[in-house]
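Worth saying up front: this structure is predicted, and the values here are computed from it rather than measured. Heavy atoms only: backbone and side chains are in, while hydrogens, waters and symmetry mates are out. Proteins get letters first, then strands, A, B, ... in listed order; numbering begins at 1 in each.
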Amino acid sequence: MFYYFKIFLIAAKSLMDDFGRTLLSILGIVVSVMAIMIVIVLGDNVDLYIQSQLSAFGTDSIQIEVKVPSDDLGINAGHAVGRTQIDTLTAQDARALEKLPTVKVSTVGSIGQARMVYDGESKQALLLGSDHNAPFVDSGITLANGRFMRSAEAESKSHVVILGANVKEDLFGLRSAVGERVRIKGTTYRVIGVLEERGSLFGFNYDDISYIPYTALTEEILSVDHIQYITVKAVTSGDVDRAVGDVTSVLRVRHDSTGPTKDDFQVTSTAQAQDLLGNIVGTVSLLLIALASVSIIVGGVGIMNMMLMSVEERRGEIGLRKALGAHRGDIQLQFIAESVVIALFAAVIGIALSTLLLWFAGNQAVAQGFVDAFRIPLRAVILSAGFSAAAGIIFGVYPARQAAKTNPVEAMR
Amino acid sequence: MVNSTHEKDILIDCKNLQKTFYTGGVETHALRDASCVIRRGEFVSIMGPSGSGKSTFMHLLSFLEEPTGGSYRFDGKDALAFDRKILARLRNQEIGFIFQAFNLLSKLTVHDNVELPLLYDFYTKGFSRSKEHKKRIAHALESVGLTHRAEYKAQYLSGGEKQRVAIARALVNNPKIIFADEPTGNLDSKAGLQVMKILQKLSADGHTIIMVTHEHSTARHASRILRLRDGVLERDEKVEDRLFATEMEELK
């Protein structure tokens, strides 16, 4: 151990001899380490954000959406193919699913748009046709004022509306909204509740959504007799996989489907959605990390250049060491140690700078309410330091070999 | 050499040693023909004007360069058959070097400079035994009278002190032979004498020393002088009027 310790000590000392040059040569590595750090940390936080948003639905949630039957499994083409309307999913399906022993509660949903008017103020409103169970399935639905719709209202095309926080703000300002009447597509609706502010996910702002009974939305506004999705909750999180199976079997029977390629619906649990999104984020950030790692090659060449210069200047020292009995391996190890020490030094600076930058940016993002939390994972530090050390070794080998070949008689010159 | 030199006493035995350099298609015969036998415990000077090949001769004998012709037996073994690893080990274990320009690592302390050869016996002896090393470094510094300078940086020493550190470094692995290349060349006469005094003491203690010099007065501190001219070892003579540094110093 003593030997290796000495080698590293020698390396560190020689680098301090020409500190200015060492600093210049590490610039490239510092920048690439920062790039790697930033990419990893941002990717990680995007993932964290998505997971936290999805977890509002709970890990026991299962989403059933319409889908165009397709051989291409795993991709929901329901929205992608706009022309093909799937009109087979109904509220009866939801009520049937609710009878399953593994399913606790079930809610239906359809999305539509209509102009909403109050007292001369008018707004294009995003309407979510739902039923009384929606707050039990989506824990993100909380009321600031009033109440949510009742079962009877949901089933009977009652003209009641629960306003999103932004909608209430836009139409009513500071005035109280509950009990007031708004006109939606020419029909008068009674405001029975106002939702708490919730924020947005993927650029989709929850606070722009207002809830009305699904019967009113589908039959009166959209003029259809089907719904777009069903969300159910399993009895316990442990039952989710079984519930997914049960839901799929029941719907296959009800929709006369013979198998996955004939299904006109798609069943996805929250866990599956989290996995899917996590995979997408993971793949994108892996790609970016790979790109950032390429930049470390440029930085590595900078180190190699400096090491080669240093070897030329120190022929005498190297010759002396060989005259005193250093083997090629000793010299090689000494110079590789030097380039690793440089690279790690660069990593320390790069990590410090990027941590500072990210910490500042993260605090701002939290303060501005874009995200709830921001973290800098240890993985980012270890990975960027590892990349840097690897560059130090790889780009140190050539100069070290050149050094090791030095003839001992150079000591005499 | 018809006298009764015992086989075992012979440390160096070279015949018709040659070294030719090829640079840019030009041949330079640095050493044309050198043959000699050096016994253990001898103190030999190699003399000659610059360009006579004396330095090249020493480089060949000390394994810093390989000859292009002739034969060389070191310690009873054919030195031309040694591979790179054996040569590195020999330079580390059996040979001590003293250079004209001292060749200390100026940013290191005296102690660390003396320690250098010990660092490189890692491959030979495995992990370093630092306790024994400490003893050896202390002993080497003591023998050149620089114990009190151990923690000084080499660059702050005087020329004479630097050369004494170099001698301590040469001694620390207890080598079979010490090669000194113009050891007094960069020193004033007082410091030079002190270095010669130490070399003579080492010789008296049984160390074999080969010293390259172009000064006759320095060469006469040895017991034998080899004279080179134009790459040929011309004369091999015993020093009749040997100088002893101890006496001369008392005169000052």
Checklist entry - In terms of heavy-atom pairs under 4.5 Å, which option from B/Ile95, B/Leu87, B/Leu105, B/Leu116 contacts chain A the most? => result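 Looking at each option in turn, the highest pair count goes to B/Leu105.
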
Item to check | Between B/Lys85, B/His59, B/Arg84, the one whose heavy-atom pairs under 4.5 Å with chain A are most numerous | outcome: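 Maximum pair count with chain A is reached by B/Arg84.
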
Checklist entry - Does a donor on one side chain sit under 3.5 Å from an acceptor on the other, for A/Asp330 and A/Gln334? => result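 Not at all, the side chains of A/Asp330 and A/Gln334 share no donor-acceptor pair under 3.5 Å.
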
Checklist entry - Measuring from B/Leu171:CG to B/His207:NE2, what's the distance to the nearest 0.5 Å? => result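 Reported to 0.5 Å precision, the distance equals 5.5 Å.
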
Next on the checklist: What I want to find out is whether B/Lys134 reaches B/Glu115 closely enough, with some N-O distance under 4.0 Å, to be called a salt bridge.
Outcome noted: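 Judged by the 4.0 Å cut-off on N to carboxylate O distance, B/Lys134 and B/Glu115 do not form a salt bridge.
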
Item to check | N-O pairing of B/Asp230 and B/Arg32 below 4.0 Å | outcome: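 Result for this pair is no, no salt bridge flagged.
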
Is [X] close to chain A through its backbone or its side chain, or both, or neither, when contacts mean heavy atoms under 4.5 Å?
{"X": "B/Leu108", "value": "side chain"}
{"X": "B/Lys107", "value": "side chain"}
{"X": "B/Asp181", "value": "side chain"}

Next on the checklist: Using a 6.0 Å distance limit plus a 45 degree cone around the ring axis, check whether A/Arg401 lies over the aromatic ring of A/Tyr398.
Outcome noted: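 Verdict for A/Tyr398: no cation-pi partner in A/Arg401.
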
Checklist entry - Between A/Arg328 and chain B, which part of the residue has a heavy atom less than 4.5 Å away: side chain, backbone, both or neither? => result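 Side chain of A/Arg328 only, per the 4.5 Å heavy-atom cut-off to chain B.
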
